[in-house]
J.: 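After the structure tokens below, expect a handful of questions from me.
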Amino acid sequence: MNKYHITKKNYISRILISFFASVMVFAVYISIFFATEEGTEGFRDQPFIIELGLFLIPSTVFIFLTIYSWFLMRKHVFYDDSKNLVIEKGIFYKTQIKIPYEKISTIAIKRSLVDLIIRTSKVEIDTGTTASPLPEGKLMVSKNYALILKDFLENKKDNYNLELPNPNLNSVIEEKEENIVYQAKPSTLFKLGILKQGFLGTAVTLLLIQVAFMNIMYYFGDEVTEELSSIILGSTLFSLMMLVLVALIFGLGNMFMYYGYKLIIKDDTIEYQYGFFSKTNFKVKMDKINALYLKQSIGYKLFGYYSLDASIIGIADGVQNSNNNQNETESRYILPIAKKEVVTEVLKLLNAEELINDEYIKPTRFRLFNFIYLPLILITIPLITLLIIFFNEALKFYIVTITTLVAYVLLIIALKLRLKNHGYNVGSNILLRKGSFTVSKVLIRKQRIQNITYLQGPISLMLNIGNIELRYKRLFGRVVLKGYTNNDFLKVKNDIF
């Protein structure tokens with residue numbers, strides 16, 4: 001049984017970490033040194049104290065962390081025991097991880113900017129048996145060996161006679177034919193950043209701030225002078241420049257994040273890769289997909305685009321909100337931005353054509369009161385109260401008042417759209433639809449449902465309605481069907497279980 005160490009190049013990144021840690025110690029000492037009162041027993045006049053902070057302590061921290069990192073790296077080994085990939089690590093507290101080959105569901109290859117420079121890769125392995133944001137196994141290896149190891153892990157479960165390749169040999173893996181289903185152009189990825197909710201929300205906020213600023217300046221100005229007009233013009237130009245800058249940040253940020261996005265579907269697996277400064281590659285079995293999310297924001301709808309996300313244990317599990325499908329390093333996107341024809345083709349390959357379905361069971365009892373009237377009452381009463389109290393001010397700052405009324409009208413439209421889009425359907429899978437300006441369809445595999453609950457608050461009890469809560473296999477996996485009766489709940493429960 002041959003035990004192999006992770007790549008020695010990992011030591012370079014650890015040296016960088018040690019260096020930054022020593023710099024932080026130096027910075028803390030300097031801040032304390034200058035914050036100390038000058039008259040404190042000649043503290044600043046002692047050469048030893050100065051040398052201790054400027055040289056001795058940072059150097060000691062750097063040397064200690066450098067030596068410790070070396071031993072820690074040399075204790076990080078992996079090997080094959082026929083049925084499991086075994087990973088051992090730790091100096092004082094040793095850990096042994098056994099990952100059965102037959103249960104491996106997700107294999108990810110990630111490369112940060114440092115990895116791109118020193119030509120290394122991180123191979124992350126997950127079986128999907130635990131809902132944890134961290135991979136079950138993680139190995140730092142050379143760029144070339146990462147592909148060799150990935151190929152070994154994919155084929156070992158079908159052939160236990162395969163031997164774990166030696167990372168110290170200069171082996172080369174043969175390039176296989178790729179069945180590319182979808183590939184995003186840089187210009188399309190730039191649109192992704194512009195059409196997402198984040199940019200549109202920022203643009204609306206800048207517009208409201210500019211309008212309010214103009215109203216305030218005209219109110220406090222005694223008369224419309226050339227100086228006041230210049231200030232208004234300057235602020236307008238500044239807002240436009242900020243809008244362009246934000247558009248570039250969102251557009252270029254998404255373009256570089258998902259650069260070279262490529263989706264490959266072959267047999268029973270899906271594989272996707274992306275990234276410019278930090279490259280990521282995921283490969284997972286289709287049956288490990290717990291749920292799919294088909295979304296269309298208002299920006300996407302204007303240009304006929306959709307996005308398709310997947311809930312897979314081990315990929316972006318740190319994200320608790322399905323409306324924001326990414327964390328700093330991982331994405332759940334199957335299709336980040338695509339036309340309906342492409343989405344339909346991919347859904348057929350994933351055996352999820354039901355997501356295209358538009359037939360849903362909607363709430364029937366007190367639906368208008370629950371979805372529209374009740375939320376409006378909660379907003380309208382304090383709004384009218386404020387208008388009565390500050391009636392004179394509302395007339396003076398008429399632009400702010402008009403903006404508030406426009407927002408109120410948009411709220412009414414959003415509530416109506418939320419009622420129109422809300423619904424569910426239970427067939428071979430569970431389908432849910434929700435949203436107002438952004439419409440989201442969710443498909444959850446029946447076998448992934450863990451429990452179903454009927455929730456009622458004080459008002460819901462009086463109306464004899466409640467919310468159906470479904471929890472499924474995913475970190476914080478939870479969806480809610482709002483405003484259904486107990487009979488609806490029992491029907492959903494019987495259809496699922």
Side-chain angles (χ1 to χ4, degrees), residues 191-208 250 291-309 311 319-326 332-333 336-337 340 343 355-383 402-425 430-444 455 457 459-460 463 465-470 478-484 488:
K191 290 179 187 176
L192 168 66
I194 301 297
L195 299 179
K196 285 170 71 174
Q197 297 178 52
F199 172 72
L200 295 176
T202 304
V204 171
T205 302
L206 284 173
L207 176 63
L208 293 177
F250 274 88
L292 290 169
Y293 310 87
L294 182 62
K295 300 177 185 177
Q296 191 177 41
S297 66
I298 188 171
Y300 274 41
K301 187 175 293 186
L302 290 173
F303 294 91
Y305 287 111
Y306 294 83
S307 69
L308 181 65
D309 316 343
S311 169
V319 184
Q320 299 183 23
N321 182 1
S322 63
N323 290 324
N324 178 13
N325 78 20
Q326 65 191 46
R332 292 200 303 262
Y333 277 135
I337 178 170
K340 187 174 182 179
V343 172
L355 261 180
I356 308 171
N357 182 23
D358 282 323
E359 296 180 3
Y360 292 88
I361 300 171
K362 299 180 179 180
T364 55
R365 187 176 176 81
F366 295 108
R367 56 199 301 264
L368 290 174
F369 178 79
N370 191 32
F371 279 82
I372 299 176
Y373 300 149
L374 182 60
L376 280 180
I377 289 171
L378 298 175
I379 296 293
T380 305
I381 292 175
L383 184 61
I402 292 172
T403 304
T404 303
L405 292 176
V406 170
Y408 185 79
V409 172
L410 290 175
L411 174 63
I412 295 174
I413 296 172
L415 292 174
K416 287 185 175 181
L417 289 174
R418 186 178 68 146
L419 174 58
K420 177 184 176 182
N421 294 323
H422 195 78
Y424 78 92
N425 200 337
I430 302 163
L431 295 176
L432 302 97
R433 186 176 64 183
K434 57 183 180 179
S436 51
F437 295 115
T438 296
V439 180
S440 176
K441 295 181 180 180
V442 184
L443 181 148
I444 306 173
L455 306 173
I459 296 177
S460 300
L463 300 177
I465 57 175
N467 298 335
I468 303 173
E469 180 186 77
L470 299 169
R478 171 181 174 270
V479 290
V480 176
L481 299 171
K482 184 179 174 64
Y484 288 90
D488 294 325

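Computation of the quantities below employed the complete heavy-atom set of this structure, encompassing side-chain atoms and omitting hydrogens, waters and symmetry-equivalent molecules.
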J.: If you round to the nearest 0.5 Å, how far is OH of Tyr360 from CG of Leu432?
T.: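 Reported value, rounded in 0.5 Å steps: 8.0 Å.
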J.: Indicate the atoms forming the closest heavy-atom contact of Gly423 with Leu481, along with that distance.
T.: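 Closest approach of Gly423 to Leu481, heavy atoms only: O-CD2, 4.3 Å.
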J.: Any heavy-atom pair between the side chains of Ile298 and Leu200 that's under 4.5 Å?
T.: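 Heavy-atom side-chain distance check passes, below 4.5 Å.
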J.: Pair Thr404, Leu383 - check side chain to side chain contact (heavy atoms under 4.5 Å, CB included), show working.
T.: CA-CA 9 Å; Thr404 303; Leu383 184 61; 3.9 Å; yes
J.: Decide side chain to side chain donor-acceptor pair (under 3.5 Å) for Tyr484 and Thr364; before the verdict, give the C-alpha distance in whole Å, the side-chain angles of both, and the deciding distance to 0.1 Å.
T.: CA-CA 7 Å; Tyr484 288 90; Thr364 55; over 6 Å; no
J.: Are Lys362 and Arg433 side-chain neighbours, meaning at least one heavy-atom pair lies under 4.5 Å?
T.: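 With C-beta onward as the side chain, the pair touches.
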J.: Test the Lys196-Phe199 pair against the cation-pi criterion, namely NZ or CZ under 6.0 angstrom from the six-membered ring centroid and within 45° of the ring axis.
T.: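 The answer is no, since Lys196 fails at least one limit relative to Phe199.
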J.: Apply the test side chain to side chain contact (heavy atoms under 4.5 Å, CB included) to residues Leu292 and Asp309: give CA-CA distance (whole Å), side-chain angles for both, the deciding distance (0.1 Å), then the verdict.
T.: CA-CA 6 Å; Leu292 290 169; Asp309 316 343; over 6 Å; no
J.: How many angstroms lie between atom NZ of Lys301 and atom OH of Tyr306, to the nearest 0.5 angstrom?
T.: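 So the gap between those two atoms works out to 8.0 Å.
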J.: Do the side chain of Gln296 and the main chain of Tyr305 share a donor and acceptor less than 3.5 angstrom apart?
T.: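 Confirmed, Gln296 side chain pairs with Tyr305 backbone.
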J.: Step by step, would you call Phe303 with Lys191 a side chain to side chain contact (heavy atoms under 4.5 Å, CB included)?
T.: CA-CA 10 Å; Phe303 294 91; Lys191 290 179 187 176; over 6 Å; no
J.: Could you give the distance from CD1 (Ile372) to CD1 (Ile413), rounded to the nearest 0.5 Å?
T.: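 With rounding to 0.5 Å, CD1 (Ile372) is 11.5 Å from CD1 (Ile413).
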J.: How close do Gly435 and Asn421 get, heavy atom to heavy atom, and via which atoms?
T.: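 Distance-wise, the nearest heavy atoms are O-ND2, 3.1 Å.
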J.: Does a side-chain heavy-atom distance below 4.5 Å link His422 with Pro363?
T.: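 Counting from C-beta outward, His422 and Pro363 do come under 4.5 Å.
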J.: Within this structure, what is the CG-CG distance for the pair Leu355 and Leu308, rounded to the nearest 0.5 Å?
T.: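 CG of Leu308 is found 7.0 Å from CG of Leu355.
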J.: Mind checking the CG-CG spacing from Leu410 to Leu417? Nearest 0.5 Å is all I need.
T.: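 With rounding to 0.5 Å, CG (Leu410) is 10.5 Å from CG (Leu417).
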J.: What is the distance from atom CD1 of Ile465 to atom CZ of Phe369, rounded to the nearest 0.5 Å?
T.: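 Answer rounded to 0.5 Å: 8.5 Å.
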J.: Is any side-chain heavy atom of Phe250 closer than 4.5 Å to a side-chain heavy atom of Thr202?
T.: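 Yes, close enough: below the 4.5 Å cut-off.
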J.: Just to verify, what does Asn370 make a side-chain hydrogen bond (donor to acceptor under 3.5 Å, both in side chains) with, not counting sequence neighbours?
T.: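 Counting only residues at least two positions away or on another chain, Asn370 forms no side-chain hydrogen bond (donor to acceptor under 3.5 Å, both in side chains).
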J.: Check this for me: does any side-chain nitrogen of one of Asp358 and Lys441 sit under 4.0 Å from a carboxylate oxygen of the other?
T.: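 Salt bridge: yes.
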J.: Under the 3.5 angstrom rule, does the side chain of Arg418 hit a backbone N or O of Phe371 as a donor-acceptor pair?
T.: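 Judged by distance alone, yes, a pair lies under 3.5 Å.
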J.: Looking at Tyr373, I want to see if its OH is surrounded by more than 12 non-hydrogen atoms of other residues, nucleotides or ligands under 6.0 Å.
T.: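 12 or below, so no.
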J.: How close do Leu192 and Tyr300 get, counting heavy atoms only, and between which atoms?
T.: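 Result for this residue pair: CD1-OH, 2.5 Å.
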J.: Given Ile379 and Leu411, is the side chain to side chain contact (heavy atoms under 4.5 Å, CB included) satisfied, shown in steps?
T.: CA-CA 10 Å; Ile379 296 293; Leu411 174 63; 4.0 Å; yes
J.: Check whether any side-chain heavy atom of Phe437 sits under 4.5 Å from a side-chain heavy atom of Ser297, and report yes or no.
T.: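 They are not in side-chain contact.
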J.: If you look at every heavy atom in Leu463 and Arg365, which pair is closest and at what distance?
T.: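 It is O-NE, 2.7 Å.
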J.: At their closest point, which heavy atom of Ser436 faces which heavy atom of Ala414, and how far apart are they?
T.: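 Ser436 and Ala414 have their closest heavy atoms at CB-O, 3.2 Å.
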J.: Is a donor on one side and an acceptor on the other found under 3.5 Å between the side chain of Lys295 and the backbone of Thr438?
T.: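 Absent.
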J.: Check whether any side-chain heavy atom of Val480 sits under 4.5 Å from a side-chain heavy atom of Ile468, and report yes or no.
T.: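 A side-chain contact under 4.5 Å is absent here.
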J.: Which heavy atom of Ser307 sits nearest to which heavy atom of Pro336, and what is that distance?
T.: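 Smallest heavy-atom distance, with atoms named: CB-O, 3.4 Å.
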J.: Count the heavy atoms of every other residue, nucleotide or ligand shown that sit under 6.0 Å from CD1 of Ile459, and state whether that count exceeds 12.
T.: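 Counting other residues, nucleotides and ligands, CD1 of Ile459 stays at 12 neighbours or fewer.
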J.: Taking Gly483's backbone N and O only, do any of them form a donor-acceptor pair with Asn467's side chain (distance below 3.5 Å, no angle check)?
T.: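 Checked: pair present.
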